[in-house]
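Hydrogens, waters and symmetry mates are skipped; everything else that's a heavy atom, side chains included, is used. Order of the sequence lines sets the chain letters (A, B, ...), proteins ahead of strands, with each chain counted from 1.
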Protein chains: 4
Amino acid sequence: MTRAPATPAPRRAVRPGRRPGVRAAAAQATRDAILRAATRIFAKHGFDGGRVDQISKAAKSYDRMIYYYFGSKEGLYIAVLEDLYRRFNEAESRLALDLAQPDEALAEVVRFVWNYYRRNPEFITLLNTENLHRGRHIAKSPRAGDYSSPAVRVLGDVLERGVERGLFRSTVTARDVYLMIAAMGYFYLSNRYTLSAFLGERTDTPEAFARWEAFIIDAVRRAVAPPDVLPPRG
Amino acid sequence: MTRAPATPAPRRAVRPGRRPGVRAAAAQATRDAILRAATRIFAKHGFDGGRVDQISKAAKSYDRMIYYYFGSKEGLYIAVLEDLYRRFNEAESRLALDLAQPDEALAEVVRFVWNYYRRNPEFITLLNTENLHRGRHIAKSPRAGDYSSPAVRVLGDVLERGVERGLFRSTVTARDVYLMIAAMGYFYLSNRYTLSAFLGERTDTPEAFARWEAFIIDAVRRAVAPPDVLPPRG
Amino acid sequence: MTRAPATPAPRRAVRPGRRPGVRAAAAQATRDAILRAATRIFAKHGFDGGRVDQISKAAKSYDRMIYYYFGSKEGLYIAVLEDLYRRFNEAESRLALDLAQPDEALAEVVRFVWNYYRRNPEFITLLNTENLHRGRHIAKSPRAGDYSSPAVRVLGDVLERGVERGLFRSTVTARDVYLMIAAMGYFYLSNRYTLSAFLGERTDTPEAFARWEAFIIDAVRRAVAPPDVLPPRG
Amino acid sequence: MTRAPATPAPRRAVRPGRRPGVRAAAAQATRDAILRAATRIFAKHGFDGGRVDQISKAAKSYDRMIYYYFGSKEGLYIAVLEDLYRRFNEAESRLALDLAQPDEALAEVVRFVWNYYRRNPEFITLLNTENLHRGRHIAKSPRAGDYSSPAVRVLGDVLERGVERGLFRSTVTARDVYLMIAAMGYFYLSNRYTLSAFLGERTDTPEAFARWEAFIIDAVRRAVAPPDVLPPRG
DNA sequence: CATGAATGAGCTTTCATTCAT
DNA sequence: CATGAATGAAAGCTCATTCAT
């Protein structure tokens with residue numbers, strides 16, 4: 001008989017409608033430890049480079065438990081991605097802006113995104129890994145559709161208010177501005193190692209970071225500034 | 001251990017100071033075929049995910065030849081990166097701009113970078129892979145220092161001319177503008193798969209590409225526009 | 001990336017149209033040693049019970065070589081079955097009978113089958129294992145159709161001659177007689193271990209074997225004897 | 001080693017000398033469900049191929065219960081074999097023959113065995129599996145000796161009566177006739193999958209089954225017919 | 001008795017690499 | 001230079017079994 005590669009049904013740690021007891025809490029702890037370890041190791045080595053036993057060891061658990069809770073290496077990786085998206089969305093949801101000051105609120109969005117990337121470097125490497133795989137794994141997640149960014153909506157409110165007050169031009173979309181913010185922060189951090197070769201200088205000193213943050217804010221403010229402030233071509 | 005032994009001295013295909021004969025030409029062809037195949041496969045699967053025998057098969061050669069020419073899987077990967085940088089720098093060097101029209105020249109730089117990324121998708125995935133590994137491999141390349149971007153210098157010339165003519169502000173650096181251009185193009189293409197989940201829309205249609213290119217050009221023009229055109233904060 | 005379970009193309013040891021050199025001969029020896037070891041071990045422990053590393057060790061080779069030559073455990077098992085059928089058919093083909101003495105020739109067929117089973121116990125256990133799996137593996141063999149028994153044809157000749165001479169009845173088919181011969185020999189040997197429990201006696205002494213052989217011959221002779229010799233029912 | 005520890009004392013479901021209560025009945029049901037599931041799965045996949053958790057799942061119970069009731073996988077397998085023998089012996093015991101008609105009674109025995117095999121295919125595959133293991137498991141059963149076949153005794157009576165009446169020859173033993181009956185039925189069913197390859201025809205149609213049953217009956221009648229009816233050799 | 005979690009050995013298979021013509 | 005065979009470590013995954021409520 002050949003081995004059946006069909007992934008067995010993985011256990012969800014806590015069943016709904018049941019108060020978790022001591023056992024269940026311990027189980028949840030095991031599951032969480034594996035998930036955290038996997039996040040770290042997949043972020044560091046990618047999906048192919050991340051070894052199952054490295055993860056289980058880092059979680060002070062056993063290979064077997066990975067299959068018990070997540071069904072397969074891929075199942076674990078998908079769970080890591082889902083958790084990553086969830087945490088990012090949660091963080092974005094907590095973003096509280098003063099809409100009365102659109103220009104400052106805009107800067108605040110930039111700072112939020114930039115700082116999130118800086119404080120969660122695994123966010124970047126995991127997304128890169130997933131994009132290397134052409135989104136194959138996240139596509140398998142049943143929750144793949146739930147992850148549309150709250151920040152884009154918030155940013156839409158900010159822009160709208162700014163337009164009303166004549167501070168912003170009306171021809172930019174929240175989507176494009178959000179992408180710009182994300183791009184400038186993400187790329188700088190994501191590609192810092194190869195950038196050194198291209199630029200011939202350090203890009204990861206506190207001063208360099210601060211300078212780049214200021215540059216992003218400035219560029220974004222200019223991008224949304226009313227159109228008539230731009231000089232004619234030439 | 002057979003897996004990671006001391007790397008033996010790899011052969012360079014064509015020894016300098018010797019006219020290549022028929023044999024040497026065949027050898028060069030083999031070497032090139034391997035390099036091309038490796039570029040494709042490492043770009044698709046990453047360093048860990050790319051299999052040696054997949055590469056040798058794709059090159060219609062043999063595993064053994066990879067070790068003959070490149071010493072090891074890592075040696076091959078480094079050669080791929082060097083070749084990648086070299087080709088990119090060559091392309092940048094061919095960039096001919098009309099400095100008499102700084103604003104148009106600036107847009108031309110954006111278009112060049114954006115199109116290079118679009119036409120060479122393996123450039124992006126290979127750089128991402130290398131950054132995942134924290135630049136570990138390219139650091140081993142003896143030619144690592146040679147790759148500072150010609151485009152940054154050219155862009156410096158463009159900006160300088162624009163400032164002279166009062167078209168650009170004098171407080172932005174070529175480095176920052178170049179990073180901005182690169183970031184906005186790179187990120188959009190690199191992260192297209194996960195962006196779908198975040199944005200809930202296609203980002204890879206011809207129209208979407210055209211729109212984003214226009215947005216980048218506009219944002220960059222605004223970033224370098226004289227400072228006094230920006231409205232006061234509020 | 002998930003592991004690709006697709007079986008790679010296994011090597012045939014000696015390519016046609018090429019005189020085997022020293023290397024090829026050694027390779028063939030390796031392949032043969034694995035095949036022999038696998039025959040022994042699958043016969044002893046079944047397909048599931050037979051361990052890959054047990055086989056490679058018994059063949060004084062390496063696990064890896066099994067995959068090199070046979071692609072997978074299942075591929076090896078199929079090769080074992082093909083070899084088993086081939087050897088049996090070859091042995092049957094060598095069966096030389098004196099058709100001038102149909103009665104003696106018939107007994108000779110019984111002795112041949114019985115002795116083949118006795119001398120090749122792995123033939124029985126391997127067939128049993130394959131039948132446990134409902135013929136799943138042999139069905140995958142491209143040579144599955146080539147194994148119709150030569151002995152049935154030979155037996156047909158014997159019966160025909162006997163009928164002509166009035167020694168045998170004309171209403172039995174070679175197929176049925178062959179099945180009878182095979183059944184009585186095969187079952188006795190195949191089930192000898194559980195038969196002990198049923199019968200409460202040894203069935204594997206030389207005397208017991210000789211007695212059973214004589215009984216089969218007698219029963220088969222009676223089965224083909226002319227119909228009018230049978231007494232009426234009662 | 002966790003894999004093959006000393007077998008702990010398994011529980012018998014219902015202790016003798018105690019009226020089973022509700023709990024005991026539920027326990028018995030669990031035990032029976034496991035036994036039935038195990039019979040099915042060991043019959044289908046053999047001992048090595050049958051998975052403990054496949055069995056517990058099929059029985060809608062838990063792995064743990066198998067160890068509770070049967071001590072180990074092997075203990076369960078032995079229980080399956082014991083149950084198999086017991087049921088077969090019970091069925092044989094229910095065999096009621098009209099000794100006044102020995103010839104018909106003989107045919108009845110053939111029909112009984114043949115139909116039992118046909119209706120209980122797991123009987124065959126489980127016996128084959130046990131014979132593959134050289135009777136290792138059944139030898140461990142404390143009840144191994146109790147299973148001598150009632151049918152052999154009954155068959156002895158039939159033959160004796162037939163001899164008295166001059167219908168059968170006196171030189172055949174009940175054992176040999178029983179083996180002949182068993183062999184011809186068992187082999188035909190057990191080896192049906194590989195027989196297709198040898199014979200190049202279907203062996204499992206209703207017509208083929210009926211023909212073979214008739215052939216067995218005829219062959220057995222001829223085997224026990226008085227010796228003088230056989231023609232001289234030639 | 002039932003049930004979820006834990007355990008660690010061992011399984012099949014794959015990998016990068018080297019040997020020997 | 002090319003090519004088939006060999007090598008051994010290690011990968012992902014599964015197994016029977018036990019622990020602890």
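- D:Y62 pairs by the ring-ring contact (aromatic ring centres under 6.0 Å, His included) definition with nothing, not counting sequence neighbours.
- The side chain of B:Y67 places no N or O atom within less than 4.0 Å of a non-bridging phosphate oxygen (OP1 or OP2) of E:dC19.
- Along DNA chain E, the nucleotide nearest D:D63 and the nucleotide nearest B:K73 are compared for position; the residue whose nucleotide lies closer to the 5' end is D:D63.
- Partners of C:D83 under the salt bridge (charged side-chain N to carboxylate O under 4.0 Å, His left out) rule, at least two apart in sequence or in another chain, are C:R86, C:R87.
- Taking B:T125 as the reference, nothing meets the side-chain hydrogen bond (donor to acceptor under 3.5 Å, both in side chains) condition, with sequence neighbours excluded.
- OP1 or OP2 of E:dA2 sits under 4.0 Å from a side-chain N or O of D:T30.
- C:S56 meets the side-chain hydrogen bond (donor to acceptor under 3.5 Å, both in side chains) test with C:D63; sequence neighbours excluded.
- Looking at heavy-atom distances under 4.0 Å, A:G50 makes contact with sugar-phosphate atoms alone, never a base.
- Comparing A:K60 and B:V52 by the nucleotide of DNA chain E that holds the closest heavy atom to each, the one mapping nearer the 5' end is A:K60.
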How far apart are the C-alpha atoms of C:K140 and C:E74, what are their side-chain angles, what is the distance that settles it, and do they pass the salt bridge (Lys or Arg N to Asp or Glu O under 4.0 Å) test?
-> CA-CA 10 Å; C:K140 292 185 182 171; C:E74 192 178 12; 2.7 Å; yes
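- The phosphate of F:dC13 (OP1 or OP2) has no side-chain N or O of A:Y68 nearer than 4.0 angstrom.
- Heavy atoms of C:G75 sit nowhere under 4.0 angstrom from any nucleic acid atom.
- For the pair D:K57 NZ and E:dA2 P, the computed distance is 17 Å after rounding to whole Å.
- For the pair C:Y62 and F:dG8, the criterion of a side-chain N or O lying under 4.0 Å from OP1 or OP2 is met.
- Here C:H45 pairs with nothing under the side-chain hydrogen bond (donor to acceptor under 3.5 Å, both in side chains) rule; sequence neighbours left out.
- Paired regions of DNA chain E, where each region holds three or more successive Watson-Crick or G-U pairs whose two hydrogen-bonding distances fall under 3.5 Å, are E:2-21 with F:2-21.
- Comparing B:S61 and C:M65 against DNA chain F, the residue whose closest nucleotide sits nearer the 5' end is B:S61.
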